[in-house]
Amino acid sequence: MKALKILTQGIVQGVGFRPYVYRLASELDLKGYVRNLGNVVEIVIEGENSNLFVERLPKELPPIARIDTMDVESIKNNDYSDFEIIESEDSYSGISIIPPDVAICDKCLEEIRNPTDRRYKYAFNACTDCGPRFTVIDNVPYDRIRTSMDEFPLCDECLKEYTKPLNRRYHGEAICCSDCGPKMEIYEGQTKIETENPIKLGADKLKEGKILAIKGIGGTHLAVDAYNDEAIKELRKRLNRPNQAFAVMCKDLKTAQSYAQLTKKEIETITSNKRPIVILKKNDGYKFPESLSPGLHNIGVMLPYSPMHYLLFDEGDIDTYVMTSANIPGEPMMIKNKDIINGVNDYSLVHNRKILNRCDDSVIRFRNNEMSFIRRSRGYTPEHYKINYEVNEANVLALGPELDVTFAIAKGDTVYPSQHIGNTNKPKTLEFLKQAIEHMEKITKINEFDIIACDMHPHFFTTRLAYELAEKYGAEVLPVQHHHAHSTALANDNEIDEMIVIAADGVGYGSDATSWGGEILYTDIKSFERMGHLQPQLMPGGDVATKYPARMLASILNDEELIKNYSDYFKYGEIEIKNIFKQINAGINVGKTTSTGRILDSMAVALEICNERTYEGECSMKLESAAYYSTKDIEIPIIIEDNVLNTTEILKEVVRLYQNGEKKADVAAAGQNAVARGLCELAITAANKKNINEIGATGGVFYNEAITDTVKNYLENSGFRFIQHKNTCAGDGSVSLGQAIIAKKV
């Protein structure tokens, strides 16, 4: 009789994989066993249908499972009497990984809405096909004793389900019911309110215009009625977020379609079991207050993904809520009850299950009908990436930049990306980064590193951390240029060995120690060459010019009389303008930048669209939204000399057109278009020089749909293949991935 041992790696823990193996083996009358071995699942089978088992195993997987590798070897027959699921061991370190948290499945949703079901209205219903994974696990193998569910011993009924291999809750580590699982509570301030239905009371308070904190699966949301202008403004006031758009959660797809435009791909994404926030264009039925998404033509929308979300909609009569992360700007989400009930909210809907790993909502935007991650986190983390190049033997920890940080761990040809961490210039977020690294070490079983990769910027907190960790692990520090890392993540995403890349963003420390952000690079992954860029511009006051881009406009135009037309945009009016020009002429505290973001911000000032950045990317985003409504094509000439695009002349023409009475929207569109065409011309020159046909686009500027479309069409009409991000972030969220790949490249 044939006997085989199979080692499977991939997403094979916590997804119903072992019961699936049991059912398949039983159906084929095979004997043996299946068990977890750390990060790998081992299967031993004996019987005539062993080959058929191997053939069918990867083809009929449970919804969340994925097999990446399957090693099969013949072994000696042991004459097993049955097929069993046996106890896990921790004896093998492979490349399997815990799956991400996924949305409640249809069967569990049906149960919480069925008055005759024992889990009716239970906010923590889950099974092997759905619910929390990454946010509740402490260590591997993924068994209940190594999760935050360990504090909730199963009742007799749940235990029966948990121990029956043919039940969909078999070894579903997050399963529970109202008799044995976590409980919801509601607080007004710090006072607990006694009620049989905390979620219903929470829905009632939202109807009254109150601010409600909702502790969820991987973090906490602050919620208000999305139709209530007063409540939204009060939330802004308390969070000190005067302008940044709030994401919303609506009860179903039909509701989203009543106020937003959705393509087929956007529908597939927003309804998937990953349930990200998707940035959608507003439609003619949009009826929310301007305070919800001020100055923008789009809005971030998500559908419910946990039982408590569905119950919140079921218990109330509001079809859309603001759902924004409960955190002080720049700091991690609150996850502890004591912090939540002491927050800025009026009421707190909390529970007694620990959140072991924060995991913020993922954010996705489609451009030219192609998906791009703005934030890759819940629903996707910690799914791993494969490095599509020959790699060295080093274990790598890559720490990312300083803002919008993720980190990544690489071993072999596999990279494990972290969840969204945030802005590490805040002490609490830096501490969160350190904790998240420790946790990822545990669940990947990679806790020794040969290389610590980081950004080239010498003053980033992540750079300092790299040297601390290098000393701890006895590792080498590898500084990586910011846009090179961007480019490498893009190239790997598209399995390209070399390419010309347009890297356009707000800021990245250049190899010449100046601020880059409008670059044309050649990269062969391991190295890069700068082949063109935007005109260097002075930044009076350094980073102050980023917050108040009227300073940038003054520097770019270098015309004191003209800038006086914008004196209202300067706190001290014409006196400040005079001092800025003195500062520029004296060269005191004046940085230099080639940033595309700073040019777009300056256009927003020139067109009186936005004069202060109160959140990342605000001015450029409002410029894009203004341009969205353009009805007239205006072409601004571009000037390129010595592979440098003259942005001063573009800005001067923007001002001239606007002062001559052209519509704001039309000039905004023309200005964006000119920058996009200029970058394309620089890239084409570089591609021809290197005899390369692929030109890619990366950096936060390429979240701008109009600029992305212009670049794509221009390059393709010129005979080049346009490359964009698919499963990675155009912004800084994938910098750590690029750093890790560069460190691993042979």
For the side chain of T728 and the backbone of L490, is there at least one donor-acceptor N/O pair under 3.5 Å apart? no
Under a 4.0 Å N-O cut-off, is there an ion pair linking K233 with E230? no
Is there a donor-acceptor contact under 3.5 Å from the side chain of S595 to the main chain of G597? yes
Would you mind checking if E431 and K428 are paired as a salt bridge, meaning a charged N to carboxylate O distance below 4.0 Å? no
Does a donor on one side chain and an acceptor on the other come within less than 3.5 Å for E608 and Y569? no
Taking C-beta and beyond as the side chain, do N579 and Y572 meet within less than 4.5 Å on heavy atoms? no
Is Y509 reaching over with its side chain to a backbone N or O of H482, donor-acceptor style, under 3.5 angstrom? no
Would you confirm whether D493, through its side chain, and A489, through its main-chain N or O, come within 3.5 Å as a donor-acceptor pair? no
Would D361 and H420 count as having a side-chain donor-acceptor pair, cut-off 3.5 Å? no
Within the side chain of S325, is there an N or O that forms a donor-acceptor pair under 3.5 Å with the backbone of N327? no
Give a yes or no on whether K547 atom NZ has more than 12 heavy-atom contacts from other residues, nucleotides or ligands under 6.0 Å away. yes
Going by heavy atoms in the side chains, are Q583 and V590 under 4.5 Å from each other? yes
To the closest 0.5 Å, what do you measure between CD1 (I650) and NZ (K652)? 12.5 Å
Where do S602 and I556 come nearest, in terms of heavy atoms and distance? OG-CD1, 3.5 Å
For the CG atom on D543, are there more than 12 heavy atoms of other groups (residues, nucleotides or ligands in this structure) within a distance under 6.0 Å? no
Indicate yes or no: at least one non-hydrogen side-chain atom of V224 is less than 4.5 angstrom from one of E234. no
Could you tell me whether a side-chain N or O of N717 sits under 3.5 Å from a main-chain N or O of N713, the two making a donor and an acceptor? yes
Any sub-3.5 Å donor-acceptor pair from H297's side-chain atoms to K282's backbone N or O? no
State plainly whether the residues D346 and R238 are in salt-bridge range, i.e. N to O under 4.0 Å. yes
With no hydrogens and no angle check, just 3.5 Å: does a side-chain donor-acceptor pair link D360 and S377? no
What is the minimum heavy-atom distance between W516 and T594, and which atoms define it? CA-OG1, 3.2 Å
Do the side chains of L235 and T324 get nearer than 4.5 Å, heavy atoms only? yes
Quick one, N298 and Y628 - any side-chain contact, counting heavy atoms below 4.5 Å? no
For E290 and G295, which heavy atoms make the closest approach, and how far apart are they? OE2-N, 2.8 Å
For E641, does the CD atom sit with more than 12 other heavy atoms under 6.0 Å from it, leaving out its own atoms? no
Contact check, side chains of N345 and I211, non-hydrogen atoms, under 4.5 Å: yes
Take E574 and E560, measure what side chain to side chain contact (heavy atoms under 4.5 Å, CB included) needs, and give me the verdict at the end. CA-CA 9 Å; E574 293 188 13; E560 189 171 339; over 6 Å; no
For N585, is the CG atom crowded, meaning more than 12 foreign heavy atoms sit under 6.0 Å from it? yes
Just checking K434: does its NZ atom have more than 12 heavy atoms from other residues, nucleotides or ligands closer to it than 6.0 angstrom? yes
Taking all non-hydrogen atoms of both residues, which atom of V477 and which atom of A466 are closest, and how far apart? CG2-O, 3.8 Å
Look at the rings of Y259 and F288 and say which category their plane angle falls in: under 30° parallel, 30 to 60° tilted, over 60° perpendicular. perpendicular
Do the rings of H484 and F528 sit parallel, tilted or perpendicular, given the 30° and 60° boundaries? tilted
Between F581 and A554, which heavy-atom pair has the shortest distance, and what is it? CZ-O, 3.6 Å
Point-to-point distance, once rounded to the nearest 0.5 Å, from CD of E402 to SG of C454: 12.0 Å
Taken to the nearest 0.5 Å, the spacing of E705 CD from Q672 CD works out to 11.0 Å
Taking atom NZ as the centre, does K564 end up with more than 12 heavy-atom neighbours from other residues, nucleotides or ligands that are less than 6.0 angstrom away? yes
Can you tell me if NZ on K287 sees more than 12 non-hydrogen neighbours from other groups inside 6.0 Å? yes
Establish, from distance only, whether the side-chain atoms of E616 and N423 form a donor-acceptor pair under 3.5 Å. no
Quick one: does T220's side chain have a donor or acceptor within less than 3.5 Å of a partner on M334's backbone? yes
Flag, side chain of R367 to backbone of T708, donor-acceptor distance under 3.5 Å: no
Value for CG (D666) from CD1 (I634), rounded to nearest 0.5 Å, stands at 5.0 Å
Residue pair R677, E681: steps toward the salt bridge (charged side-chain N to carboxylate O under 4.0 Å, His left out) verdict: CA-CA 6 Å; R677 287 186 292 111; E681 282 295 333; over 6 Å; no
Go through it in stages, so that I can follow the logic: the residues are I695 and M499, the test is side chain to side chain contact (heavy atoms under 4.5 Å, CB included), and I'd like the CA-CA distance, side-chain angles, deciding distance and then a yes or no. CA-CA 6 Å; I695 300 178; M499 65 193 303; over 6 Å; no
Tell me, yes or no, whether the heavy-atom count around K664 atom NZ, taken from other residues, nucleotides or ligands under 6.0 Å, exceeds 12. yes
Do any N or O atoms from the side chain of S372 and from the backbone of R365 form a donor-acceptor pair under 3.5 angstrom? no
Taking it one step at a time, do L399 and V405 satisfy side chain to side chain contact (heavy atoms under 4.5 Å, CB included)? CA-CA 8 Å; L399 298 179; V405 164; over 6 Å; no
Indicate whether the side chain of T647 and that of R598 have a donor and an acceptor atom separated by less than 3.5 Å. no
Roughly how far, to the nearest 0.5 Å, is the CD1 atom of I563 from the CG atom of L557? 4.5 Å
Any ion pair linking E519 and R530 (charged N to carboxylate O, less than 4.0 Å)? yes
Any idea how H457 and F460 line up, ring-wise: parallel (<30°), tilted (30 to 60°), or perpendicular (>60°)? parallel
For residues E624 and Y703, is any side-chain donor paired with an opposing acceptor at under 3.5 Å? no
Please determine whether side chain to side chain contact (heavy atoms under 4.5 Å, CB included) holds for the pair Q244 and L239, giving the CA-CA distance in whole Å, both sets of side-chain angles, and the decisive distance to 0.1 Å. CA-CA 11 Å; Q244 188 173 3; L239 282 177; over 6 Å; no
I'd like to know if the side chain of Q537 pairs up with that of T648 as donor and acceptor (distance under 3.5 Å, no hydrogens or angles considered). yes
Would you say that E612 contacts E618 through its side chain, given a criterion of any heavy-atom pair below 4.5 Å between the two side chains? no
Nearest 0.5 Å, please: how far is OG in S293 from OH in Y286? 5.0 Å
Minimum heavy-atom distance I640-G678, with the two atoms named: CD1-O, 3.8 Å
Side-chain heavy atoms of R551 within contact of V544, under 4.5 Å: yes
Think R236 forms a cation-pi with F246, using NZ or CZ under 6.0 Å from the six-ring centre and within 45 degrees of its axis? yes
